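See structure below.
These numbers were taken from a predicted model, which means no experiment stands behind them. The sequence lines fix the lettering, A, B, ..., with proteins before strands; numbering per chain opens at 1. Quick note: numbers below take in every heavy atom, side chains included, and nothing from hydrogens, waters or symmetry partners.
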Amino acid sequence: MKSIYQYFAGMFKGIWSLLVGMSVTTSYLFRPWTIVVQQYPENRKGGRGRSHKKLEMFDRFKGELIMPHNEANEHKCTACGICEINCPNGTITVISDQELVDGKKKRFLDKHIYRLGMCSFCGLCVKTCPSKALSFIPTFEHSVFDRTKLTKVLNMPDSKLMKGVE
Amino acid sequence: MKFDIYDFTSFNQYIDSFLYNNLPPLWAMIVEMVLISVVFLIMYAVVGLFLVYWERKFCGFIQNRVGPNRVGPYGIIQTVADLLKLLVKEMVPIKKADKLLFTLAPFIVIVCTFMTLAALPVSKGLHALDFNIGVFYIMAISSMSVIGVLLAGWSSNNKYSLIGAMRSGAMIVSYELSVGLSLVTMCVLAGSMQLSVIVEGQRDGWFIFTGHIPAFIAFIVFLIAGTAETNRGPFDLAEAESELTAGFHTEYSGFKFAFFYLAEYMNLFLISAVAATVFWGGWMPFHISGLVNFNEVMDFIPPFVWFFGKTFVVLCFIMLFKWTFPRLRIDQLLRLEWKYLLPINLVNILLMALVVLMGWHFGK
């Protein structure tokens, strides 16, 4: 008797669990607005529907390394080379030059070279920079047709060291 | 000649008499055969391409994705592009494969689907083969396709293919029983095995309604066993990707693979079409006896729309099974058949016989 009960109880239990699963899938089937996939080239501008929501990257997304400059074309890099030392895969090369200020030799930044194609976006350069001269921006469309275009000079031409940064 | 989208009988007779009046009988017969085969080829291609597209779109929605959406508006030309790709792909020759059987296997599978398709009543008068044993014919032909699967697995000279083919064989042999018995249940209610008679018998109410409880049980059993017979859904052991790479069609490429792929979707269509015909009235519109105006409105919708609509609904159900349930193990699969479906089915036939004998069914 018990086995007969188990036979039918197991069967109806199984059918019930299958119906529960089917109710979940059916509910998603009839609710197309629950789609989570983002449609990439379309959602750059933004449009109707959830899958065309305007694409915005998160604040802390590490897209590309930059050196912020102020309006007077001044940066904070003292060309100390700590970022170059800390970089695990030789992405950064700091080329410095020297000039005479008040009879003393003083180092200043000539070129801060950043190779985007080699960068692993670990963020050690930004973290260790003593004068907070570097930061990441959340851009992400970096593909180019020529590899040499991925090697960038971060300091602007004719830029100077910001006053008060040693 | 009167072209009528509600009844193709006179149209077909007109073409028939036109051909026989203008051509010698042999040539007339050949022309008719070619015409019918062209019609079926077109239907095959359209239905196959649509089903592949619809399945991808359907599972996309279930999984919160978008599905194909690049080729054409809403991706509707995606499957055409896929087909063109498969057509121009290289057919990789297999070392030490049985060349003849390897080439023959996809053709057996696809010929079986064609032969089953011929027996389906699409509309009044649109019915290529109307045997008096139509249901039996469909069962016999659709179980023949397992030979193609077994040949494919055997001739590939690949142990994964062979295991997949053997699983498919064990599965189809056992589930064919349930398909057959659930159809027999409905034949008891219909009193005939001829598909046109079965459809005509549902004029005053589809069998799923007039046969109430036993018909409903038979429909559920048929749906489960039919899903298993198409090698789909939770029963796709024959091509269990995680264990057997691709099962019996691991070694197939290019157009031969396209044949298997197309045949799988055609089997899905055929099983749904048979279910729609036997349980849901085929091309017969929805009638409620007594409501004359309502019945006339329903009659206004052409029969082939009813047929394809019903088939589409059943087909979506089978697709829902595939994208909801996890795959069964081979022992679970056989237990489901031999310990649950078969006893239920046998009791159900008795119940249906009792219902018919005592006149407890509705209608008629």
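Checked against the 6.0 Å centroid criterion, the rings of B:Trp54 and B:Phe312 qualify as a close aromatic pair. Between B:Trp206 and B:Phe279, the distance separating the two ring centers is not shorter than 6.0 angstrom.
For B:Leu336, no part sits under 4.5 Å from any heavy atom of chain A, backbone or side chain. For a residue to count as touching a neighbouring chain, one of its non-hydrogen atoms must lie under 4.5 Å from one of that chain's; by this rule B:Tyr340 touches chain A with backbone and side chain alike. Interface remark: B:Phe321 contributes side-chain atoms only to the contact with chain A (heavy atom separation under 4.5 Å). Neither the backbone nor the side chain of B:Pro234 comes within contact range of chain A, judged by heavy atoms closer than 4.5 Å.
A:Phe61 places none of its side-chain heavy atoms less than 4.5 Å from the side chain of A:Ile137. Inter-residue side-chain proximity for A:Ser143 and A:Glu141 is flagged as unmet; no heavy-atom pair is nearer than 4.5 Å.
Residues of residues 5-27 of chain A having a heavy atom under 4.5 Å from any heavy atom of chain B, listed by number: A:Tyr7, A:Met11, A:Leu18, A:Gly21, A:Met22, A:Thr25, A:Thr26. When the heavy atoms of residues 111-121 of chain A are compared with those of chain B, none of the residues falls under 4.5 Å.
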Please evaluate residues B:Arg56 and B:Asp82 with respect to the criterion salt bridge (Lys or Arg N to Asp or Glu O under 4.0 Å), reporting the C-alpha separation (whole Å), side-chain torsions for both, the decisive distance (0.1 Å), and the verdict. CA-CA 12 Å; B:Arg56 293 177 63 179; B:Asp82 287 350; 3.0 Å; yes
One pair to check against side-chain hydrogen bond (donor to acceptor under 3.5 Å, both in side chains): B:Tyr53 and B:Gln78. What are the steps and the verdict? CA-CA 7 Å; B:Tyr53 167 73; B:Gln78 178 71 52; over 6 Å; no
List the steps, then state whether salt bridge (Lys or Arg N to Asp or Glu O under 4.0 Å) holds for A:Lys104 with A:Asp102. CA-CA 5 Å; A:Lys104 276 198 291 186; A:Asp102 304 335; over 6 Å; no
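Of all the heavy atoms in B:Gly226 and B:Ile271, the pair that sits closest is CA-CG2, 3.8 Å. The two residues B:Ser272 and B:Ile318 come nearest to each other via the heavy atoms OG-CD1, 4.1 Å.
Side-chain N or O atoms of B:Thr185 include one that pairs as donor or acceptor with a backbone N or O of B:Leu181 at under 3.5 Å.
No hydrogens or angles considered: a donor-acceptor pair under 3.5 Å links the side chains of B:Ser178 and B:Glu337.
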